[in-house]
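Reviewing the structure listed below.
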Amino acid sequence: MRVVCPGSFDPVTNGHLDIFTRAAAQWDEVIVLVTYNPNKNGLFNEQERVALIEAAIADLPEERRPKNIRIDTWDRLLVDYLTDNNISALVKGLRSSLDYEYELPMAQMNQRLSGADTYFLLTSPEYGYVSSTLCKEVAKYGGDVSGLLPEPVAEAVKAKFAES
């Protein structure tokens with residue numbers, strides 16, 4: 001069975017990577033779907049996000065590196081991607097009850113529109129407070145994001161803020 005793990009991943013965090021690898025241990029194929037809204041100004045563009053996810057996965061130790069993850073992009077309704085690709089399941093990570101409150105109505109709408117089920121994986125405790133937004137904020141002001149972001153991603157974030 002194939003599943004989609006959607007998100008903006010701007011940037012991808014160690015928490016995201018944890019969800020990807022754990023999902024890959026449960027499903028035949030995990031499609032990390034970089035969703036992109038051209039009306040929003042992200043730190044990284046779509047191609048950069050894909051490259052950073054690829055680098056983060058490649059940077060994992062060989063014994064932890066899943067072979068059944070692929071990366072794709074999408075800029076329309078998620079349910080259209082699911083329908084177009086004959087996929088009936090999503091995986092989302094939950095850090096707290098706030099994430100659940102946010103994700104539940106979307107999961108219900110996705111199920112109604114496409115029949116897809118959403119599976120929630122609880123974030124590992126060491127990543128429960130990590131978000132892309134917080135990491136960008138810390139990095140913007142020169143804080144240390146090592147251990148929160150995969151090393152190649154932390155370097156890219158640091159370089160982005162050094163440019164500005």
Side-chain angles (χ1 to χ4, degrees), residues 3-27 29-37 39-75 78 81 89-107 110 118-164:
V3 295
V4 169
C5 192
S8 59
F9 310 119
D10 185 38
V12 64
T13 70
N14 283 335
H16 293 132
L17 206 53
D18 177 57
I19 295 296
F20 303 161
T21 57
R22 289 171 47 214
Q26 301 300 318
W27 282 277
E29 182 181 21
V30 174
I31 301 163
V32 174
L33 187 64
V34 177
T35 57
Y36 184 74
N37 183 342
N39 298 320
K40 289 186 178 179
N41 291 325
L43 184 60
F44 295 101
N45 67 36
E46 178 180 329
Q47 295 80 19
E48 290 171 320
R49 292 176 200 188
V50 169
L52 288 172
I53 294 167
E54 289 170 344
I57 292 169
D59 198 48
L60 288 170
E62 182 66 32
E63 66 277 3
R64 288 191 48 230
R65 191 177 314 138
K67 307 291 188 252
N68 59 336
I69 292 178
R70 76 176 173 89
I71 305 161
D72 204 355
T73 61
W74 194 251
D75 63 356
L78 178 58
Y81 184 90
L90 301 163
V91 172
K92 301 289 287 199
L94 296 179
R95 293 170 296 190
S96 71
S97 61
L98 294 175
D99 283 349
Y100 178 76
E101 293 293 327
Y102 177 79
E103 295 291 347
L104 178 63
M106 284 194 294
N110 288 334
T118 300
Y119 294 88
F120 294 116
L121 290 180
L122 300 180
T123 303
S124 295
E126 64 266 32
Y127 305 121
Y129 62 94
V130 178
S131 74
S132 296
T133 301
L134 283 175
C135 288
K136 287 186 285 194
E137 189 77 10
V138 168
K140 179 179 179 180
Y141 294 105
D144 182 13
V145 292
S146 59
L148 305 175
L149 302 175
E151 189 56 37
V153 178
E155 290 171 13
V157 168
K158 189 183 213 180
K160 276 281 187 183
F161 285 118
E163 291 172 6
S164 54

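- Taking CZ of R64 as the start and CD1 of I57 as the end, the distance is 11.5 Å to the nearest 0.5 Å.
- Using a cut-off of 4.0 Å between Lys/Arg side-chain N and Asp/Glu carboxylate O, D99 and K92 are scored as not salt-bridged.
- The two residues D59 and P152 have their closest heavy-atom pair at OD2-CD, 3.5 Å.
- Contacts of K160 classified as side chain to side chain donor-acceptor pair (under 3.5 Å), with partners at least two apart in sequence or in another chain: E48.
- Taking CD1 of I31 as the start and CG of D72 as the end, the distance is 7.0 Å to the nearest 0.5 Å.
- Of the possible donor and acceptor atoms, none in the side chain of R22 sits under 3.5 Å from a partner among the backbone N and O of T123.
- Proximity of P150 to H16: side-chain heavy atoms (C-beta onward) are nowhere separated by under 4.5 Å.
- Proximity of L148 to Y129: side-chain heavy atoms (C-beta onward) are separated by under 4.5 Å at one or more points.
- Formation of a donor-acceptor pair under 3.5 Å by the T73 side chain with backbone atoms of V34 is not found in this model.
- Here the side chain of N14 pairs a donor or acceptor atom with the backbone of G147 at under 3.5 angstrom.
- For the atom pair F9 CZ and L33 CG, the distance stands at 8.0 Å (nearest 0.5 Å).
- In this structure, the side chains of P66 and V30 stay at 4.5 Å or more apart for every pair of heavy atoms.
- The two residues A24 and N68 make their nearest non-hydrogen contact at O-ND2, 2.9 Å.
- Contact between V12 and F20 at its shortest, heavy atoms only, is CG2-CE1, 3.8 Å.
- Inter-residue side-chain proximity for V130 and L134 is flagged as unmet; no heavy-atom pair is nearer than 4.5 Å.
- No donor-acceptor pair closer than 3.5 Å links the side chain of R95 to the backbone N or O of Y127.
- Remark: the backbone N or O of Y36 is not paired with any side-chain donor or acceptor of D75 at under 3.5 angstrom.
- Residues I19 and C5 form a side-chain contact, since some pair of their non-hydrogen atoms from C-beta on lies under 4.5 Å apart.
- A pairwise comparison of heavy atoms in V145 and A154 identifies CG2-CB, 4.1 Å as the closest pair.
- A donor-acceptor contact shorter than 3.5 Å links the side chain of S96 to the backbone of L98.
- Tested against E103, the residues T118, L94, N110 include a single side chain to side chain contact (heavy atoms under 4.5 Å, CB included) partner, L94.
- Between L78 and L90 there is a side-chain heavy-atom pair separated by less than 4.5 Å.
- How far CD1 of I71 is from CZ of R49: 13.5 Å, rounded to the nearest 0.5 Å.
- Salt-bridge formation is detected for the pair R65/E62: a Lys NZ or Arg NE/NH1/NH2 atom is positioned less than 4.0 Å from an Asp or Glu carboxylate oxygen.
- Between F161 and L43, the closest side-chain pair of non-hydrogen atoms falls below 4.5 Å.
- A donor-acceptor pair is defined here as one N or O able to donate and one able to accept, closer than 3.5 Å; no such pair exists between the side chain of T13 and the backbone of L149.
- Closest approach of A56 and L17 over heavy atoms only: O-CD2, 3.9 Å.
- In plain terms, the two heavy atoms of D10 and G42 that are nearest each other are OD2-CA, 3.2 Å.
- In this structure the side chain of D144 never reaches within 4.5 angstrom of the side chain of V138, judged on heavy atoms.
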